[in-house]
Each structure stands twice: as C-alpha cells, then as structure tokens.
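Below: one structure, written as structure tokens.
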Amino acid sequence: MKYFLIQEDKRITRRPYLINVYEKMDVRDVCEENAYKLPHRELIFVKGGTIFTDIISDPFLLVSEKIKKVIIMYEPRTPMKELILLDRERAAAETYYLPIFQEVDCLGKRTEYNQACTVLKKIVLRHDKVRNMSIFRIAGTTGHHIIGNLDIVESILKRGCLGINLTEVEIVD
C-alpha cells in the first residue's frame with residue numbers, strides 16, 4: 001500500500017490566513033490526549049484569502065466538509081472540532097473541521113531530519129506500524145504530519161478538492 005503526506009498546496013497564495021487562532025486555541029492541545037480541552041466550535045477570523053481551499057495545514061490541519069465526509073467514511077471514530085472561518089473584509093465565511101487523528105510512532109531508521117533534528121526532510125514509515133491504517137498523524141514530531149493511504153487519498157481526489165499537495169512517502173518492512 002502506498003502512503004502520502006497530506007498538506008495544503010503552498011502555490012495557492014490567496015488562501016486564508018488565520019488571525020486569532022492562537023488566542024482561541026492552544027495548538028499543543030491538537031492531539032488525542034488533550035482534544036477534550038479544545039472547544040467543540042470556534043470562530044476564527046481570517047484575512048488575505050480570496051480562495052477557501054479544501055485543506056489548510058497551518059498551524060494544524062483543517063478540512064472542508066467534503067474532506068470531512070471522506071475521513072469519516074474511512075475512520076468513523078475520528079473526533080472533529082468545528083471552526084468557522086470569517087473574513088470580515090469580504091463578508092465571507094466557511095466552515096472547516098479540525099480532525100484529531102490517531103498518533104502513530106511509525107518512523108523508520110532511514111527517516112532524514114535537518115541538522116537541528118527539528119524538521120523532517122525525508123519520511124520513511126515502518127510498514128508494521130501503519131498496516132491497515134487509512135489516515136493518521138506521525139507521533140513524536142514537531143508539527144502536524146498527516147499521512148493517508150492510497151485509498152483515502154484517491155477518494156479525496158475523486159471529489160475534486162482544491163488546494164491539496166500530496167507527497168508519497170517511503171515504506172520499509
């Protein structure tokens with residue numbers, strides 16, 4: 001089975017920029033053990049965006065209704081927090097969802113980091129740790145590295161979602 005790192009497409013420069021997210025939420029709580037601390041629904045102001053893409057990955061992964069439905073098809077017990085993104089300048093709003101994925105300690109020995117060991121340069125997954133998982137978060141890393149298998153990625157792409165960047169990752173036995 002093939003696996004992919006799921007991120008937003010940074011080539012889209014007119015995507016929304018979240019303004020007050022750090023005032024409303026602690027990014028460290030976006031994990032299984034602390035998800036209860038996050039509000040069920042929150043209003044976040046945005047600026048600069050003229051295109052509401054189907055995925056936003058900074059400071060954590062936010063997905064549109066289309067992608068949320070796909071995630072629930074494959075991982076029905078994934079907790080979701082609702083965020084309303086409001087662009088006051090354009091009088092536009094969109095609903096996004098913050099999925100709280102299972103965290104998996106799955107990095108292989110050939111994973112490459114930058115010199116400070118803070119950024120993943122090359123992701124190598126251990127097959128024995130990710131077998132039968134459709135979407136998950138890599139545990140023990142700085143940032144939110146969301147990995148999806150080929151089935152869920154194809155399902156997302158079939159829905160014509162906008163603003164997604166996929167990078168295939170290596171799998172070792």
Side-chain angles (χ1 to χ4, degrees), residues 1-10 18 21-22 24-42 44 53-83 96-159 161 163-173:
M1 177 67 74
K2 293 183 178 186
Y3 288 86
F4 298 85
L5 176 65
I6 302 171
Q7 299 173 305
E8 71 182 313
D9 188 346
K10 299 288 187 185
L18 284 60
V21 69
Y22 294 106
K24 302 272 187 156
M25 305 169 74
D26 188 339
V27 177
R28 295 171 295 188
D29 291 336
V30 181
C31 61
E32 290 177 294
E33 66 228 21
N34 294 336
Y36 71 93
K37 296 179 183 179
L38 297 171
H40 179 69
R41 177 180 293 141
E42 190 63 74
I44 304 293
T53 56
D54 286 299
I55 187 170
I56 298 172
S57 60
D58 187 36
F60 37 70
L61 185 75
L62 296 176
V63 298
S64 67
E65 180 74 28
K66 278 193 270 189
I67 296 178
K68 174 194 171 201
K69 288 178 181 178
V70 174
I71 292 169
I72 296 302
M73 276 189 336
Y74 286 87
E75 296 292 339
R77 287 185 251 149
T78 302
M80 299 271 182
K81 305 296 181 175
E82 186 176 333
L83 277 73
Y96 280 81
Y97 299 90
L98 169 59
I100 310 296
F101 293 113
Q102 181 179 352
E103 296 180 46
V104 181
D105 185 10
C106 59
L107 292 176
K109 292 178 182 175
R110 294 193 347 235
T111 296
E112 295 177 12
Y113 300 86
N114 69 347
Q115 255 186 337
C117 291
T118 56
V119 177
L120 290 174
K121 289 173 57 178
K122 179 182 176 186
I123 296 173
V124 180
L125 302 178
R126 292 180 43 202
H127 183 262
D128 62 321
K129 298 289 187 173
V130 300
R131 181 181 28 242
N132 301 325
M133 300 193 72
S134 55
I135 192 164
F136 58 91
R137 178 178 167 193
I138 297 176
T141 62
T142 303
H144 299 274
H145 298 87
I146 307 302
I147 304 293
N149 71 12
L150 182 61
D151 294 338
I152 196 167
V153 165
E154 283 181 340
S155 191
I156 289 169
L157 292 176
K158 284 179 185 176
R159 284 157 177 78
C161 294
I164 297 176
N165 182 42
L166 302 169
T167 307
E168 188 173 354
V169 296
E170 187 178 336
I171 303 285
V172 294
D173 289 327

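The structure displayed is predicted, hence computed values, not measured ones.
- Tested against Y97, the residues K81, E82, E65 include a single side chain to side chain donor-acceptor pair (under 3.5 Å) partner, E65.
- Screening I72, L62, I164 for a side-chain contact (heavy atoms from CB on, under 4.5 Å) involving I67 leaves a single residue, I164.
- Under the salt bridge (Lys or Arg N to Asp or Glu O under 4.0 Å) criterion, R28 pairs with D26, not counting sequence neighbours.
- Side chains of L83 and K24 form no contact here, defined as non-hydrogen atoms less than 4.5 Å apart.
- Listed by chain and residue number, nothing satisfies the side chain to side chain donor-acceptor pair (under 3.5 Å) test with E168 (two or more places apart in sequence, or in another chain).
- Atom NZ of K69 has 12 or fewer heavy atoms from other residues, nucleotides or ligands within 6.0 Å.
- Considering all non-hydrogen atoms of both residues, I56 and E8 come closest at CA-OE1, 4.0 Å.
- Exactly one residue among L157, D151, I156 makes a side-chain contact (heavy atoms from CB on, under 4.5 Å) with V153. That residue is L157.
- The closest side-chain heavy-atom distance from L120 to L107 is below 4.5 Å.
- The pair E75-R77 fails the salt-bridge criterion, with no side-chain N (NZ, NE, NH1 or NH2) lying under 4.0 Å from an Asp/Glu carboxylate O.
- Using a 4.5 Å cut-off on side-chain heavy atoms (C-beta onward), L18 and P59 make contact.
- Of all non-hydrogen atoms in P39 and E42, the two that sit nearest each other are CG-OE1, 3.4 Å.
- Minimum heavy-atom separation, E32 to F101: CG-O, 3.6 Å.
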Listing, residues 123-131 side-chain donor-acceptor contacts under 3.5 Å, not counting sequence neighbours, or none:
residue	atom	partner	partner atom	Å
R126	NE	D128	OD1	3.4
R126	NH2	D128	OD2	2.9

